[in-house]
Peer 1: 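I have a structure here, written as structure tokens, and I will follow up with some questions on it.
Proteins get letters first, then strands, A, B, ... in listed order; numbering begins at 1 in each. The figures that follow rest on heavy atoms only: side chains count, while hydrogens, waters and symmetry mates do not.
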Amino acid sequence: MLKTLRKIASIGLVSETPPVPDELLRVGRALDDRIAAVLGRALCIRHVDAGSCNGCELEIQALGNPYYNLEGCNIRFVASPRHADLLLVTGPVVKNMEAALQRVYAATPAPKLVVAVGECGCTGGALGECPAALGRVSNVIPVDVAVPGCPPHPVRILQGILTALSPAA
Amino acid sequence: MPVRRWWERGRRIPGALSARGLGVDAEQWPQVARDVAAAGGVLQSLWVSREPGSDAAVYGAYLTDPGVLVTELTLPAGGEPPHYRGLEDIFPAASRLQRAAFDLSGVRSSDPDCRPWLDHTSPYEFVRVDGEGVHEIAVGPVHAGTIEPGHFRFSVVGEKVLRLEERLGYVHKGLEQRFSGLPILQGHRLAARVSGDSAVAFSWAYCQALEGMSDCALPPRAVWLRAVCLELERLANHLGDLGALGNDAGFAFGLAQFSRLKEDLLRAVSAAFGRRYLFDTVLPGGIAVDVSTDAARALAEVVCAVCAETLELRAIYEEHEGVRDRFTGAGRLEPQLAAKLGVIGLVGRASGQARDVRVDLPHPPYTELPVAKIVQQGGDVAARAAVRFAEVQESGRLLERLLSGLPDGERAVAVNAPADGAFGIGLIEGWRGPVLVALQAGPEGSIRRCHPHDPSWQNWPALEYAILDNIVPDFPLINKSFNLSYSGVDL
Ligand code: SF4
């Protein structure tokens, strides 16, 4: 116990300032001011891997580390789409995940924000041309913000989430 | 007949890996498998090739003492649809490989279990467990955390698991078909994305196969830098897993600390190589990145600091009663069962299966840089954590040597596309275990056929055994201790 406490004390706080939204990432509609204000206070995210190579997942997981401190931005991951305000979707959508992705989207309450993460999610990427893939996420469900990169840096992913959350600039 | 005799009959497959190919007939096909099993070898992979207009063939790749033995059984076209004798009674891991091969090629094995695997268009029957008080819990494909999709069907009494059946294939992309026809000198990019967490291992295995066929002599600096990347990949994944294991055992402090260390490492990697994850670094003929002496020293210092902190954290994990309680005895896979199932890689080493390609079949630079093989007998979550803890230190030691002793010279040389029909094989010990790529060249510098194999194929079925008699709430912890790839097997 003492060792644990000593470790916590010696490391201190390492959290960094979150990035500002970037309108260039927006590919869909912008949120209404009032909804943005409500969501800005506490955002729930559901992640869906629709066919990724699992590289993008590693950078999404990194958002939880003490540097990016997602929870410090009042953003957390939830276990059910019914509790989610925003879907974070990775990969090209593959045929075997098409129905599951559509079901998750249907179960998500309004405003149903969708952020496509990674080159594959944005354009189909390296994997989107595979015969059992359907290409970019927006081929299957509407996408509001697309974050390119293979995989994108965690700060870019966070920026994408914050862009989806902010009203149009 | 002793495996050695089969080996001697084989034709050498050129390249850095000790490998031989052997054409067999229908009678010899299971005989080789039996002889390999009797000698303690394992089935590394099984796949089918079926080109339009030519005979189909089924391949079995075995890990044996002298090297990788690839058997090829030709299945003549014409007349009846081609089929072959399944190997599932000799190597249980063959079953899903054969079912996947059927979905991809239409070539059937004799395995009585012929349910689809990658093909999700037809209905699927799970095995039902009957009995008083038995009920089923279905989880997935989409899971609660940030992980890949797959379906788990538990049969339970109260909280106790009587049976687990996995249903995978959700992220099936058609990778193998995509490989066919691509320029062979560019296939490493797709190989890196078979399972992104093993990008270095897969792209190296791909390049090893290709360079063998092309008779390409790699510059020493390139192989050393590749090993730097491979060990960094191992380190990063192990750190991530150790944090997640602490978290799943109710010790959030562990996740906070290890995810911080992993981030420190990734930032140092990014400073040295311009990227956090090492996609597209290994390329045919060498490597895309290089480091100055100063950058190498800076990276080595961070690695050293991360390893020192990991040692401290190990002591904290070991002293934490809650963690010890949850780790010890959970998800035990006895060495005997692990041997029977042909479990490989990290999970195998935690259950007494002492195999590591870097030690058993060393290729440069490991020929000059002996690796200590880490083996545990416990087979439980604690043993799988212990292997990771020890491998962090071992990779740290290797990185220190690699980064301080980088040979001078070129980081890449030109590679010629191999002749049509040439066959190559690559095998690299990734963080999860041995990653195999079998590659066949087509006309005009194209790929005829590429088969990538992740060790998760062997280890997913073992998880179904490890969970037996454990309680459902321990599944996330046990599953994490295996941390298998979905993308890598869904292809
Ligand atoms: S964008 Fe890159 S890292 Fe992400 S899923 Fe696609 S290939 Fe993998």
Peer 1: Could you go through A:Ile11 and B:Glu309, starting from their C-alpha distance and side-chain angles, then the distance that decides it, and tell me whether this counts as side chain to side chain contact (heavy atoms under 4.5 Å, CB included)?
Peer 2: CA-CA 11 Å; A:Ile11 299 298; B:Glu309 279 207 60; 4.1 Å; yes

Peer 1: Decide yes or no for A:Ser52 and B:Ser487: does some side-chain heavy atom of the first lie under 4.5 Å from some side-chain heavy atom of the second?
Peer 2: no

Peer 1: Locate the shortest heavy-atom distance separating B:Glu148 from A:Asn54; write the atom from each residue and the value.
Peer 2: OE2-ND2, 3.2 Å

Peer 1: Under the 3.5 angstrom rule, does the side chain of A:Asn96 hit a backbone N or O of B:Leu118 as a donor-acceptor pair?
Peer 2: yes

Peer 1: In residues 171-184 of chain B, which residues are in contact with chain A at a heavy-atom separation under 4.5 Å?
Peer 2: B:Val171, B:His172, B:Lys173, B:Gly174, B:Leu175, B:Gln177, B:Arg178

Peer 1: Can you name the residues that form a side chain to side chain contact (heavy atoms under 4.5 Å, CB included) with B:Ser270, not counting sequence neighbours?
Peer 2: B:Arg276

Peer 1: Considering only heavy atoms, which portion of A:Leu88 lies under 4.5 Å from any heavy atom of chain B: side chain, backbone, both, or neither?
Peer 2: neither

Peer 1: Is A:Cys150 in contact with chain B via its backbone, its side chain, both, or neither, using a 4.5 Å heavy-atom distance?
Peer 2: both

Peer 1: Quick one: which of A:Glu129, A:Arg103, A:Glu57 has the most heavy-atom pairs under 4.5 Å with chain B, could you say?
Peer 2: A:Glu129

Peer 1: Among A:Asp49, A:Val78, A:Leu134, single out the residue with the greatest number of heavy-atom pairs under 4.5 Å to chain B.
Peer 2: A:Asp49

Peer 1: Tell me, please, which residues at least two apart from B:Arg267 pass side-chain hydrogen bond (donor to acceptor under 3.5 Å, both in side chains).
Peer 2: A:Glu16, A:Tyr68, B:Glu263

Peer 1: So which heavy atom on A:Val94 is nearest to which on B:Tyr170, and how close?
Peer 2: CG2-O, 3.2 Å

Peer 1: Flag the one option from A:Leu127, A:Leu101, A:Ile45, A:Val93 with the top tally of heavy-atom pairs under 4.5 Å to chain B.
Peer 2: A:Leu127

Peer 1: List for me each residue that meets ring pair (Phe, Tyr, Trp, His ring centres under 6.0 Å) alongside B:Phe152, sequence neighbours excluded, and say none if there are none.
Peer 2: B:His143, B:Phe475

Peer 1: Any idea which of B:Thr121, B:Leu190, B:Leu255, B:Ile147 has the most non-hydrogen atom pairs under 4.5 angstrom with chain A?
Peer 2: B:Ile147

Peer 1: Name the option with the most non-hydrogen atom pairs under 4.5 Å to chain B; the candidates are A:Gln61, A:Lys95, A:Lys7.
Peer 2: A:Lys7

Peer 1: For residues A:Gly55 and B:Phe279, report the shortest heavy-atom separation together with the two atoms involved.
Peer 2: CA-CZ, 4.3 Å

Peer 1: Mind ranking B:Glu319, B:Arg275, B:Lys262, B:Glu321 by heavy-atom pairs under 4.5 Å with chain A and telling me who comes out on top?
Peer 2: B:Glu319

Peer 1: I need the minimum non-hydrogen distance between A:Pro66 and B:Ala256, along with the two atoms involved.
Peer 2: CG-O, 3.4 Å

Peer 1: Could you tell me the separation between the CG atom of B:Leu266 and the CD atom of A:Glu59, rounded to the nearest 0.5 Å?
Peer 2: 6.5 Å

Peer 1: Quick one: closest heavy-atom pair of A:Ala100 and B:Val142, and the distance?
Peer 2: CB-CG2, 4.3 Å

Peer 1: Which atom pair, heavy atoms only, marks the closest approach of B:Arg260 to A:Asn65?
Peer 2: N-CB, 4.5 Å

Peer 1: Is chain B contacted by the side chain of A:Ser80, its backbone, both, or neither, given a heavy-atom distance below 4.5 Å?
Peer 2: neither

Peer 1: Is it the backbone or the side chain of B:Phe251 that comes under 4.5 Å from a heavy atom of chain A, or both, or neither?
Peer 2: side chain

Peer 1: Quick check on A:Arg82: does its CZ atom have over 12 non-hydrogen neighbours (other residues, nucleotides or ligands) under 6.0 Å away?
Peer 2: no

